[in-house]
Protein chains: 2
Amino acid sequence: MIEESTLAQIKQKLRAYNLKATQQRLVIYKALQATEGHPTAEQLYEMVSKDNPSLSLGTLYKTLEAFVAVQLIKKVACEDGAMRFDANLSTHNHIFCTNTQEIIDFEDKELHTLITAFLKRKNIDNFEMTDFQLQINGQKVNPKKKVQIT
Amino acid sequence: MIEESTLAQIKQKLRAYNLKATQQRLVIYKALQATEGHPTAEQLYEMVSKDNPSLSLGTLYKTLEAFVAVQLIKKVACEDGAMRFDANLSTHNHIFCTNTQEIIDFEDKELHTLITAFLKRKNIDNFEMTDFQLQINGQKVNPKKKVQIT
DNA sequence: TTACTAACTAAGAATTATTCTTAAATAGCA
DNA sequence: TGCTATTTAAGAATAATTCTTAGTTAGTAA
Ligand SMILES: [Mn+2]
Ligand SMILES: [Mn+2]
Ligand SMILES: [Zn+2]
Ligand SMILES: [Zn+2]
């Protein structure tokens, strides 16, 4: 979906944000970027732990927080109580299955244009909008199959 | 904004969902309904505790959970880690201030119609949508003043 | 190169938000 | 008015996240 960055590109990004390009950060960013879904910190920890058994959960949380702060990744609040993380920075929305707790990306330029245009017309006083996020709730019919937008 | 229910009406609703109309439940529902904002469980606890010092936090959580289950109220996941609760069942969206962590209701029939119509056109395969929720992020210019939609 | 140092990490303790357990209380019904 | 399934209070337990601190390292500069 998204083209993944090379190691050099990631290092460059980190430097641009005044973040040292540590092994841990590179590993975490690459793992998140390689993930199709929207993993919790714990899930991401499982993924990176295999090849990096000494990487600690505290570092993972701290790293994710740092990435969110500089907007290298996004944080998605989820009704099940755990935060999810998303390396997909393109403007996109989310489909949420209330059964499986899956978050599925829903990229649609037209929808985005539609909402943007609408909000531009409205006057929201005393508020500076930075972005918006549409969450479509429901449930997968067959939980084993993928959700397809056509 | 929303017309608040009378005690009798609330009791009736609870009975309709096979929930006993206990003092605690009535107090909690009335408190949430009377609230302009979208309080956390803890905030709601502060509110009801004043007049009901024996009502426990565990009961509050359990009650809110029961209300959400029967769809008497809604739960709103928030980036700060705590869930917020909303007695406003009308289809409406939320403006979120990333500074003050406030959630402000944004009711707009036109917007809702717009998005509904769009989604109806799209085919989301293997998924049954129940509802959707737009969150507009940004920050209040003057944190002490209200956000006004004009 | 090597040395320096501010930034970072590992480990585990602490905190916060929420859920669970259990004995006592009570709403609704007979 | 009594019965009983449901609910509550209190506190323990758990889950998610943050904090603390001593040791490590990336980047810089001699
Ligand atoms: Mn509301
Ligand atoms: Mn939590
Ligand atoms: Zn996404
Ligand atoms: Zn609301």
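Computed over heavy atoms, backbone and side chain alike; hydrogens, waters and symmetry mates excluded. Numbered from 1 within each chain, the chains take letters A, B, ... in sequence-line order.
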Round to a whole Å and report the spacing from [atom1] of [X] to [atom2] of [N].
X	N	atom1	atom2	answer
B/L57	D/dG11	CG	C1'	12 Å
B/E42	C/dT19	CD	P	13 Å
B/Y45	C/dT16	OH	C1'	16 Å
B/L7	C/dA27	CG	P	13 Å
A/L55	C/dC8	CG	C1'	12 Å
B/Q43	C/dT16	CD	P	15 Å
A/I28	C/dT9	CD1	C1'	10 Å
A/M83	C/dA17	CE	P	11 Å

Return whichever of B/Q23 or A/N18 has its heavy-atom-nearest nucleotide of DNA chain C closer to the 5' end.
A/N18

Show me the side-chain donor-acceptor pairs of residues 143-150 of chain B shorter than 3.5 Å, one per line, residues at least two apart or across chains.
from   : atom 1 : to     : atom 2 : distance (Å)
B/T150 : OG1    : A/N123 : O      : 3.3

Identify, with sequence neighbours excluded, every residue that meets salt bridge (charged side-chain N to carboxylate O under 4.0 Å, His left out) alongside [X].
X	result
B/K122	A/D108
A/K30	none
B/E128	none

From the list [options], which nucleotide is the closest neighbour of the side chain of [X]?
X	options	result
B/A41	D/dT8, C/dT18, C/dA10	C/dT18
B/K20	C/dG28, C/dT9, C/dA10	C/dG28
A/A82	C/dA17, D/dT17, D/dG27	D/dT17

It should be established whether [X] places a side-chain nitrogen or oxygen under 4.0 Å from OP1 or OP2 of nucleotide [N].
X	N	result
B/T22	D/dT8	yes
B/Q24	D/dA9	yes
A/Y61	D/dT17	yes

Judged by nearest nucleotide, the residue sitting upstream toward the 5' end of DNA chain D, B/R25 or B/P53, is B/R25

Counting any heavy atom closer than 4.0 Å, what does A/T59 reach on the DNA or RNA strands: base, sugar-phosphate only, or nothing?
base

Determine the contact category for B/T40: base if any of its heavy atoms lies under 4.0 Å from a base atom, sugar-phosphate if only primed atoms, P, OP1 or OP2 are that close, otherwise nothing.
nothing

Tell me which donor-acceptor pairs under 3.5 Å the side chains of residues 15-27 of chain A have, and how far apart each pair is, sequence neighbours excluded?
from  : atom 1 : to    : atom 2 : distance (Å)
A/T22 : OG1    : A/R25 : N      : 3.2
A/R25 : NH1    : A/K20 : O      : 3.0

Side chains of [X] and [Y]: closer than 4.5 Å at any heavy-atom pair?
X	Y	answer
B/T91	B/D131	no
B/M129	B/I124	no
A/H94	A/L134	no

Hydrophobic side-chain clustering at under 4.5 Å (ILVMFWY, transitive links): who's grouped with B/V141? Put none if nobody.
none

Under 4.0 Å from any atom of DNA chain D, heavy atoms only: list the residues of residues 9-17 of chain B that qualify, in numerical order.
none

Which residues share a ring pair (Phe, Tyr, Trp, His ring centres under 6.0 Å) with A/F132, sequence neighbours left out
A/H112

If you take any heavy atom closer than 4.0 Å to DNA chain C, which residues from residues 64-80 of chain A end up in contact?
none

Contacts of type side chain to side chain donor-acceptor pair (under 3.5 Å), residue A/D80, not counting sequence neighbours
A/R84, A/Q101

Report, one line per pair, each donor and acceptor closer than 3.5 Å where one atom sits in a side chain of residues 65-76 of chain B; sequence neighbours left out.
none

Axis-to-axis angle for the helix from C/dT1-D/dA30 to C/dA30-D/dT1, ends of five pairs each, to 10°, equals 30°

Atom CD1 of A/I136 and atom CD1 of A/I95: how far apart are they, to the nearest 0.5 Å?
5.0 Å

